[in-house]
Amino acid sequence: MRPRSGLLIQDTIQSGSRRTFNMAETHSLQDMRQQAAIASKVFVQRDYSTGTTCQFQMKFLPELENRIDKQQFEETVRTLNNLYAEAEKIGGKSYLEGCLACLTAYTIFLCMETHYEKVLKKIAKYIHEQNDKVYAPRGMLITDPIERGLRVIEITIYEDRNGGNGR
Amino acid sequence: MSAIMVSKKVLRKWEKLPGKNTFCCDGRVMMARQKGVFYLTLFLIVGTCALFFAFECPYLAVHLSPAIPVFAIVLFFFVMATLLRTSFSDPGVLPRALPDEATFSGPRGEAANGNVPAGQRPPPRIRNVQINNQIVKLKYCYTCKIFRPPRASHCGICDNCVERFDHHCPWVGNCVGKRNYRYFYLFTLSLSLLTIYIFTFDIVHVVLRSVDSGFVNTLKDTPGTVLEVVVCFFTLWSVVGLTGFHTYLVSLNQTTNEDIKGSWSGKNRVQNPYSHRNIMKNCCEVLCGPMHPSALDRRGELIELALAPVPIPASKNNKENPQTTKTTAPLIPNEHTPDDVKSSIAPETEGDVEEKLSPLENKPPPSEPPTPPPADPAETTAVLEEAF
């Protein structure tokens, strides 16, 4: 019988849908997530000035000032914005996909991935790579916006320990 | 010396989602709670088509053309596919904000300053954004703890914020929003066509038969026809009207919600900032635009761990796998972990937890797990709630 007390850990082993996580993490990321305490979280908000397309604000948040330079941060957000723009692009290819899907009564998506899903995989890969190369060495981690409903880019800032890299 | 006995229960994320949706097929299907009217829709469509195939098709296939039942089957298949797609898919639900995000992004300070009388909500906070030279107000949703994106609205029936919220349709048993609007539109369009098709061929069938055997005898021979005509007659007015209305909305790139509220009615020079001012472009965007993914990972797995301390003899076990020494790492939240860390030990840690679990589970427990330590049950629920 399972004891009633328990602690819930939320963990995504594998999503049955399109988001498959890269399980092999670098040593520094593992260390940081295991042993560093979270100092704070910042949230990069959506930029709605061009409409409902998914774009994030390039505004450099004050909490990040000590941790990363503006250009690096803006570069990350700009690339993400470009990737989302690519996913949501309305043009010949998306029309073709839409019409073909309509003709098959959308059953084609039982065996095929949508263009958006393909780009989301690219985005996940990019974020992982950025975390590895840029953010983890500075004691931060970016959460994929799809985990937050494409509302925010969540950046978790970890406490500095022994120079900011965790043990 | 003691170790931790872990028993693992695997849940899917849909089991812990807030909101008033029902899920079927292990999270693959997502609908509203009240499904009665949806079953009625199914019954009417399947029933009427069954009658058509039983009574009309044999006669018409022989006397007119075999293409008639074939086209009816194609139409029926299309109607069912779009209906099920509309009813079973995620309409574009926005996941609720976790506590950290709610604090950071939400309206701050009002309640804390004591400006609000006890028991009353602070006035709704509004954020203004400029979209294509129009000021659009974003309202704060107290249930979901987010500022709603433009065109999003909170559905009271499903208790979720839905992007590009159109309306909650009881006939399909789901909300109609960004992700399933095109399927809804195609459903109404194809159902209109199917209704007109069946109605027309019912009349043709009755006329052709009456020429041979007289009107009254025809009705006696094919009682199903009468039923079909009645259903189709009433359906025609409502469904064709609805299709016409939605065609109008699609051409203007508006939602039913916006239309009802008169958001872009033109008063005070307010115009729809989302419209491309071109009917073709609007139609293409709404019907052939990108297929947005669901922000709810319904079928992702959650592990619920039950931890209990188990005394073990001093053993060689620790030498086998050095990772057991890491069980004291704050990865596994306990009563000393600050609250905000618990909810954030989230999707990132998959690989790590799997590694940790196996050495622990492989240890044979010397006995049944002892009674749980006090104070934990409250904490369990606290952590569970915190997560959302």
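Numbered from 1 within each chain, the chains take letters A, B, ... in sequence-line order.
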*Between A/K89 and A/E86, is the closest basic N to carboxylate O distance under 4.0 Å?*
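No, A/E86 and A/K89 are not salt-bridged.
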
*Can A/E154 and A/R148 be counted as an ion pair, charged N to O under 4.0 angstrom?*
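Between A/R148 and A/E154 there is a salt bridge, with a charged N closer than 4.0 Å to a carboxylate O.
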
Proximal component of [X], with respect to chain A [non-hydrogen, under 4.5 Å]:
| X | answer |
| --- | --- |
| B/Q130 | backbone |
| B/P273 | neither |
| B/R148 | neither |

*Can you tell which of B/G27, B/A81, B/G92, B/P149 has the highest number of heavy-atom pairs within less than 4.5 Å of chain A?*
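The residue among B/G27, B/A81, B/G92, B/P149 with the greatest pair count is B/P149.
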
*Checking B/R12 side chain against B/G300 main chain: does a donor-acceptor pair fall under 3.5 Å?*
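Not confirmed, B/R12 side chain does not pair with B/G300 backbone.
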
*Quick one: CD1 on B/I135 to CG on B/N128, what's the gap to the nearest 0.5 Å?*
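Between B/I135 CD1 and B/N128 CG, I get 6.0 Å after rounding to 0.5 Å.
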
*Between chain B and each of A/A87, A/C54, A/P145, A/C102, count heavy-atom pairs under 4.5 Å; write down the option with the most.*
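Ranked by contacts with chain B, first place is A/C102.
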
*Given the options A/V42, A/D47, A/L96, A/T50, which has more heavy-atom pairs under 4.5 Å with chain B than any of the others?*
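Among A/V42, A/D47, A/L96, A/T50, the one with the most close pairs to chain B is A/V42.
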
Side chain from CB out, backbone as N, CA, C, O: work out which of these in [X] comes under 4.5 Å of a heavy atom of chain B, or both, or neither.
| X | value |
| --- | --- |
| A/S49 | both |
| A/A101 | side chain |
| A/I90 | side chain |
| A/Q45 | side chain |

*Between B/F23 and B/W14, what is the ring plane arrangement, given parallel below 30°, perpendicular above 60°, and tilted in between?*
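Ring orientation of B/F23 relative to B/W14: tilted.
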
*Is the closest side-chain heavy-atom distance between B/K178 and B/H292 below 4.5 Å?*
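The answer is yes; the side chains approach within 4.5 Å.
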
*B/R164 to B/Y181 six-membered ring, cation-pi geometry met (6.0 Å, 45°)*: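 Yes, a cation-pi geometry.
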
